[in-house]
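Shown next, in structure tokens, is the structure this report addresses.
Scope of the values below: all heavy atoms of this structure, side chains included, with no hydrogens, waters or symmetry mates. As the structure is a computational prediction, the values presented were derived from the model and not from experiment.
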Amino acid sequence: MSGSRREAVPDPNAHSVRLRRLHESVLSGARPPDGALRGLISDSWRRSMDAGVDPEASAAPPAFEREDLADVRSHHPMGALLPLVSGTLLDAASASAHILMVTDEEGRVLWRDGDRQVMGMADEVGLADGFHWGERAIGTNGMGTALATRGPVHIFSAEHLVRALHPWSCSAAPIVDPDSGEVIGCVNISGTMHALHPTTVALVETTAKLAESHLALRMRERDDLFRARNDEHLTALRGEPGALVTATGRVVTSDRTRHWDERVRLPASGDRVVLSDGETALLSPVRDGFLLRVLGGADAPVLSLSFLGSRHPAADLDGAHVPLSPRHAEILTVLALNPRGVTAEQLSFHLYGDAGNPVTARAEIHRLRLQLGAVVAARPYRLTCVVRADFLALRRLLAGEDAAAVARAYGGPLLPRSDAPAVRDEREELECRVRAHLLTRGSPDDLWAYANTEGGRGDAHVLERLAAMLPPGDHRAVTAAIRLAALGPF
């Protein structure tokens, strides 16, 4: 039987005593006899001790403030799976004097329910929503070890590294998002050492697979909509090799002129992707994802745009500075956001709204082409170069989980002086997504970076979160408190 499952123990008491003696021996520095400890457990103990976990810890550390839990759940993909998981497992857990727990990808508990008496006991060691059960936080345990190994596990009694957890056993299984290929959370059943049978892990694993099937169904529905919305972009390539790629890097549909991998690695910045066969492809944003097309012949020119936060937008073409008027910066923003191109009428609407005149838009394009040359094509108006724009890079980062990268990339609002409808819409969407991303996933450093942008300086919610997360003497907490006081009651 695999290391993630075990045979039923004939005498749990005797087995627990053997494990506790082995636990004491290993913590005193002795080497366990070969085969005395499951490889799954010895590997987990080693990871936990390397992370500095204290075997004498009394409980798991808190991960969230109680008042933040509802907000965290609502923004996390595991939140949508809670009805399915609880509907499958909660009755069984409650009836057998167990508790059911659901975590995020780091082992932070988002939700708990089950037997009331057992939950009261569980509170003493932090087996509750809002606490951190990753291996690096509390050592070997069902939730943390399932996430670390990406597989189902059963942890019995003194197999836990932390001594306070020895009265407990747990069965857990991770949930992998078929879209991103990443673990997004974990399902766990915990009970006292005698109450929880090792075969519970099979029930938990089945529930995790059911949740993954639900995610796969939703993914296929999104893929169908993605194809319908963007297939015209492939058609417009007129035989040039290309593919439609989701924001997570999955190739959803492509032309038949070459072999495409199922997934490509999207760059953190820039617009070029190196494919598995060594060819370079250009990445252009489309609705809900990207158009990927192989660059042919000589490398295309590179246009770099720095439009976030600055009241003096910067551009360069193949390293040469290009002076831009505010209107030309707006046009380049529209063209970068519409890689397939726009007509004069569409460009006029994006720039001026209903009051626009296509003649004015054509005149502005003419002046822009005097500066940039053939990289601005006509019929429709579009960019024929590689575009490296800070706001496009930010869009890609927002599709991932790296809050620190988002905080570094966001220098402030997109073209803050612009009133062009298309720019204003994009600016507001980016601001909202960045704020939500950092409030949900960001560290104090990430939130502080946002609090020093134009939109973040007066954001009461962000300042309150900073003041709560940081030690009272930290200069950032003091600054956040001063700014909150200046805002007055709200």
Side-chain angles (χ1 to χ4, degrees), residues 269-271 282-287 290 300-378 380-398 406 408-434 453-456:
S269 61
D271 297 83
L282 176 66
L283 201 64
S284 301
V286 296
R287 187 171 181 181
F290 303 95
V302 177
L303 177 65
S304 299
L305 307 175
S306 298
F307 289 178
L308 290 177
S310 174
R311 296 185 179 275
H312 303 285
D316 68 68
L317 183 61
D318 282 339
H321 174 69
V322 179
L324 290 178
S325 68
R327 183 62 73 196
H328 287 173
E330 292 169 344
I331 291 174
L332 289 175
T333 300
V334 171
L335 297 182
L337 292 171
N338 294 274
R340 189 169 178 265
V342 293
T343 64
E345 289 75 15
Q346 290 169 329
L347 180 60
S348 174
F349 180 77
H350 287 319
L351 295 176
Y352 309 102
D354 292 329
N357 186 331
V359 174
T360 305
R362 292 190 186 98
E364 291 289 358
I365 282 284
H366 175 73
R367 285 188 282 269
L368 182 60
R369 295 186 76 186
L370 292 177
Q371 289 181 280
L372 296 178
V375 300
V376 181
Y381 298 134
R382 64 194 187 281
L383 296 171
T384 60
C385 57
V386 176
V387 180
R388 294 179 178 170
D390 52 3
F391 57 94
L392 297 182
L394 177 63
R395 278 176 133 207
R396 286 192 287 276
L397 291 172
L398 285 167
V406 169
R408 288 193 300 270
Y410 186 67
L414 172 65
L415 298 181
R417 292 181 174 178
S418 173
D419 289 326
V423 176
R424 185 178 61 245
D425 290 347
E426 181 69 12
R427 179 171 61 230
E428 292 173 356
E429 179 180 333
L430 286 175
E431 179 88 20
C432 290
R433 291 180 62 189
V434 167
T453 65
E454 183 176 326

_Shortest non-hydrogen separation from Leu397 to Ala409 and the atoms involved_ = CD1-CB, 3.5 Å
*Can you name the residues that form a side-chain contact (heavy atoms from CB on, under 4.5 Å) with Arg433, not counting sequence neighbours?*
Leu398, Glu429
*Which atom pair, heavy atoms only, marks the closest approach of Pro313 to Ala329?*
CG-CB, 3.8 Å
*Does any non-hydrogen side-chain atom of Leu414 lie less than 4.5 Å from one of Leu394?*
no
*Any chance you could lay out the side chain to side chain contact (heavy atoms under 4.5 Å, CB included) test for Leu332 and Leu303, step after step, and finish with the verdict?*
CA-CA 10 Å; Leu332 289 175; Leu303 177 65; 4.1 Å; yes
*Who passes side-chain hydrogen bond (donor to acceptor under 3.5 Å, both in side chains) against Arg427, sequence neighbours left out?*
none
_Residues that Glu364 engages under salt bridge (charged side-chain N to carboxylate O under 4.0 Å, His left out), provided they are two or more places apart_ = Arg367
_Test of understanding: with side-chain contact (heavy atoms from CB on, under 4.5 Å), list the residues that count as partners of Thr453, not counting sequence neighbours._
Tyr410, Tyr450
*For Ala361, what residues pass the side-chain contact (heavy atoms from CB on, under 4.5 Å) criterion, not counting sequence neighbours?*
Leu347, Ser348
_With a 4.5 Å cut-off on side-chain heavy atoms, are Val302 and Leu317 touching?_
no
*Going by heavy atoms in the side chains, are Glu454 and Glu431 under 4.5 Å from each other?*
no
*Which residues pass the side-chain hydrogen bond (donor to acceptor under 3.5 Å, both in side chains) test with Glu428, sequence neighbours left out?*
none
*asked:* Measuring only between side-chain heavy atoms, which start at C-beta, is Val342 closer than 4.5 Å to Phe349?
replied: no
*Do Tyr381 and Leu368 have side chains that get closer than 4.5 Å, going by heavy atoms?*
no
*Gap separating the CG atom of Asn338 from the CD atom of Gln346, nearest 0.5 angstrom*: 7.5 Å
_Euclidean distance, Leu351 CG relative to Thr360 OG1, rounded to 0.5 Å_ = 10.0 Å
*Side-chain contact, heavy-atom cut-off 4.5 Å: Thr333 with Leu415?*
yes
*asked:* The criterion is side-chain contact (heavy atoms from CB on, under 4.5 Å); which residues satisfy it with Ala314, sequence neighbours excluded?
replied: Ser306
*asked:* Going by side-chain hydrogen bond (donor to acceptor under 3.5 Å, both in side chains), name the residues that satisfy it together with Glu330, two or more places apart in sequence or in a different chain.
replied: Arg327, Ser418
*asked:* Between Leu337 and Leu392, does the side chain to side chain contact (heavy atoms under 4.5 Å, CB included) criterion hold? Intermediate values first, please.
replied: CA-CA 8 Å; Leu337 292 171; Leu392 297 182; 3.9 Å; yes
*Who are the salt bridge (charged side-chain N to carboxylate O under 4.0 Å, His left out) partners of Arg382, not counting sequence neighbours?*
none
*Return each pair, listed once, that meets salt bridge (Lys or Arg N to Asp or Glu O under 4.0 Å) where at least one residue sits in residues 410-424; pairs must be two or more places apart or across chains.*
none
*List for me each residue that meets salt bridge (charged side-chain N to carboxylate O under 4.0 Å, His left out) alongside Arg362, sequence neighbours excluded, and say none if there are none.*
Glu345
*asked:* Against Val376, only a single residue in Leu383, Ile331, Thr384 fulfils side chain to side chain contact (heavy atoms under 4.5 Å, CB included); can you say which?
replied: Leu383
*Looking at side-chain heavy atoms only, is the closest gap between Arg396 and Pro285 below 4.5 Å?*
no
*4.5 Å side-chain heavy-atom contact, His328 and Val322*: no
*Restricting to pairs with a member in residues 346-359, which pass salt bridge (Lys or Arg N to Asp or Glu O under 4.0 Å), not counting sequence neighbours?*
none
